[in-house]
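What follows is a single structure, written as structure tokens, with notes after it.
Residue numbers run from 1 in the order of the sequence given. This structure is a prediction, so every number in the text was calculated from the model and none was measured. Every heavy atom of this structure was used, including side-chain atoms; hydrogens, water molecules and symmetry mates were not. For ligands, and for the atoms within them, numbers begin at 1 and follow the listed sequence.
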Amino acid sequence: MSLTRYRCDHAFLPSGWARDVAITIDDTGWITDVRHDDFEQLPSLGRFVVPGIPNAHSHAFQFAMAGLAERAGPAGDDFWSWRETMYRFAGRLDPETLHAIAAMAYAEMLCHGYTSVCEFHYLHHAPDGSRYAPPSAMADALIAAATEVGIGLTLLPTLYQTAGFDGALLSPRQLRFGHALDEFVALVSRLRGGDGDDRATGLAIHSLRAAPPAALAALLEDSVASVGPIHIHIAEQVREVIDCLGVRDARPVEWLLANVVVDPRWCLVHATHVADVEVRGIADAGAVVALCPTTEANLGDGVFPLRAFLDAGGAIAVGSDSHVSTSPVEELRWLEYGQRLATLSRNVVAGADRPSSGETLWHEALVGGAQASGRRIGALAPGHRADWLVLEDHAPVLIGKESADVLDALVFAGNRNLVRETWVGGRRVVDHGRHRDEPRLARGYAAALRSLLG
Ligand code: NGQ
Ligand code: ZN
């Protein structure tokens, strides 16, 4: 086993910034050692090195419709009218176009500072619901895209069975999302067979409205649900809360906590509309809440009670979800700004132990993002993947900055992309801000868009 050693002038470690850090990695891309050292002879990676952010929530296909749902409709627009547009778009995709779109979306994520992605995948079948051969063709396209661009992947095949809390059958446009339980379990098992250093398979339940209680219970009893993270969309919209109360006599998070053993493997996506007792319940269960601030703003979802959740000891992650932004910097900035706007105060996420807002946001997103990913990522520490970013230290906002100010400047004043290099599993996939395969990916993406939109 050969080892390679790198030097950073300043590195953001789990304990905070440290100077003159040597990182040793093995030839399979795992960090074996991180230490302060005297090692003038090693070339420096750069002035500021930080772990890349795990993207906790993505629907890769939506990347190709980002920006195409911003025109007012005749009767006013909301989440549900956006969903109609999204369904129309989703109806045109096949494995080949999905592959090209996902590859471009993942490359964009890498360029902006995500080093891994949790792909919440429910576009399983052909548009009329007929099965592809193999039935995992769409999942295989996502895996191929992630592998080829070099992003870490937690694939979350998603169970989707009903159109609403009343158990309504899937609408024609939703047919391609659906599985019988045994079919779904077979898909998860098959995908697990390919897991490795840069890839894990968890599972997801699309939402409580998409999973009848009996199916959810049966799934969670199956051995496929005994390992890996479990993600679910929950309480994103007020209508979902009202419908859940109407049918199940409980709010969505309240129902989940009362009917399922929620533990640290769970990731609750959005959880926007939660009562105080639900906020404490999620934190006590040790589950992560995945927040997607730019998508939640774009879709008019609402604002999560972040301070109360952090005070209760809750773990958070960020996700790019519909990909109106593919930058973790923008998600973290809007996470804090949403709170400032709602609470009429400043530096909401930071606390006395870690007064910097930028550092707190970055740190929380690393820890919670790693938990939601179910992979050993998110830290410059032995036993973790060698996933990191080298920042563009000549950019005006970083010139003359002490390390203590770097993440504040990056998150709150970095409009230009300040990621110079992105490394995943010990390999540099972005250099000088560009993905190594950019021209080829752009050609494939343009061809896919021509066939979809042209
Ligand atoms: C999704 N997206 O699955 O892509 C959803 C919309 C739904 C967000 N919730 C569809 N942001 O929730 O039914
Ligand atoms: Zn989603």
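Cation-pi geometry between Arg340 and Phe412 is met: under 6.0 angstrom from the ring centre, within 45 degrees of the axis.
Counting heavy atoms from C-beta on, the side chains of His112 and Val419 never come closer than 4.5 Å. Contact annotation: the side chain of Leu191 approaches that of Ile143 to within less than 4.5 Å [non-hydrogen atoms, C-beta and beyond]. No side-chain heavy atom of His273 sits under 4.5 Å from any side-chain heavy atom of Arg239. Side-chain contact between Val424 and Ile151 is absent, with no heavy-atom pair separated by less than 4.5 Å.
The closest non-hydrogen atom to atom 9 (N) of ligand 1, taken over Gln62, Glu236, Gln237, comes from Glu236. Comparing heavy-atom distances from atom 1 (C) of ligand 1 across Phe177, Phe79, Tyr160, Tyr122 singles out Tyr122 as nearest.
A salt bridge does not link Arg436 to Asp431: none of the charged nitrogens lies less than 4.0 Å from a carboxylate oxygen.
Residue Asp321 has at least one heavy-atom neighbour below 4.0 Å for each of these atoms of ligand 1: 11 (N). With ligand atoms numbered from 1 in the order given, ligand 1 contributes 9 (N), 11 (N) to contacts under 4.0 Å with heavy atoms of His270. Against a heavy-atom cut-off of under 4.0 Å, Leu299 is close to the following atoms of ligand 1: 11 (N). Below 4.0 Å from some heavy atom of His233 lie the following atoms of ligand 1, by number and element: 1 (C), 3 (O).
Residue Trp80 does not touch ligand 1, judged by heavy-atom distances below 4.0 Å.
Residues in residues 240-268 take part in these side-chain hydrogen bond (donor to acceptor under 3.5 Å, both in side chains) pairs, two or more places apart or across chains: Arg251-Glu278.
Taking the six-membered ring where the residue is Trp, the centroids of Phe177 and Tyr87 are separated by under 6.0 Å. Separation of the His233 and Phe120 ring centroids falls under the 6.0 Å cut-off. Taking the six-membered ring wherever Trp is involved, the centroid distance between the rings of Tyr114 and Tyr106 does not fall below 6.0 Å. Side-chain rings of His270 and His57 approach one another, their centers coming within less than 6.0 Å.
Shown here are the protein N/O/S atoms lying under 2.8 Å from the Zn ion (ligand 2), water excluded: His57 NE2, His59 NE2, His233 NE2.
In terms of protein heavy-atom proximity, atom 10 (C) of ligand 1 is closest to Arg83 CD, 3.4 Å. Atom 12 (O) of ligand 1 has as its closest protein heavy atom Arg209 NH2, 3.0 Å.
For the pair Thr295 and ligand 1, the shortest N or O to N or O distance does not fall below 3.5 Å. An N or O contact shorter than 3.5 Å links His206 to ligand 1 by distance.
Under a cut-off of 6.0 angstrom, the local environment of CZ in Arg354 is crowded, with over 12 non-hydrogen atoms contributed by other residues, nucleotides or ligands.
Trp82 counts as a contact of ligand 1, since one of its heavy atoms falls under 4.0 Å from the ligand. Within the structure, the closest approach of Glu296 to ligand 1 does not fall below 4.0 Å when heavy atoms are considered.
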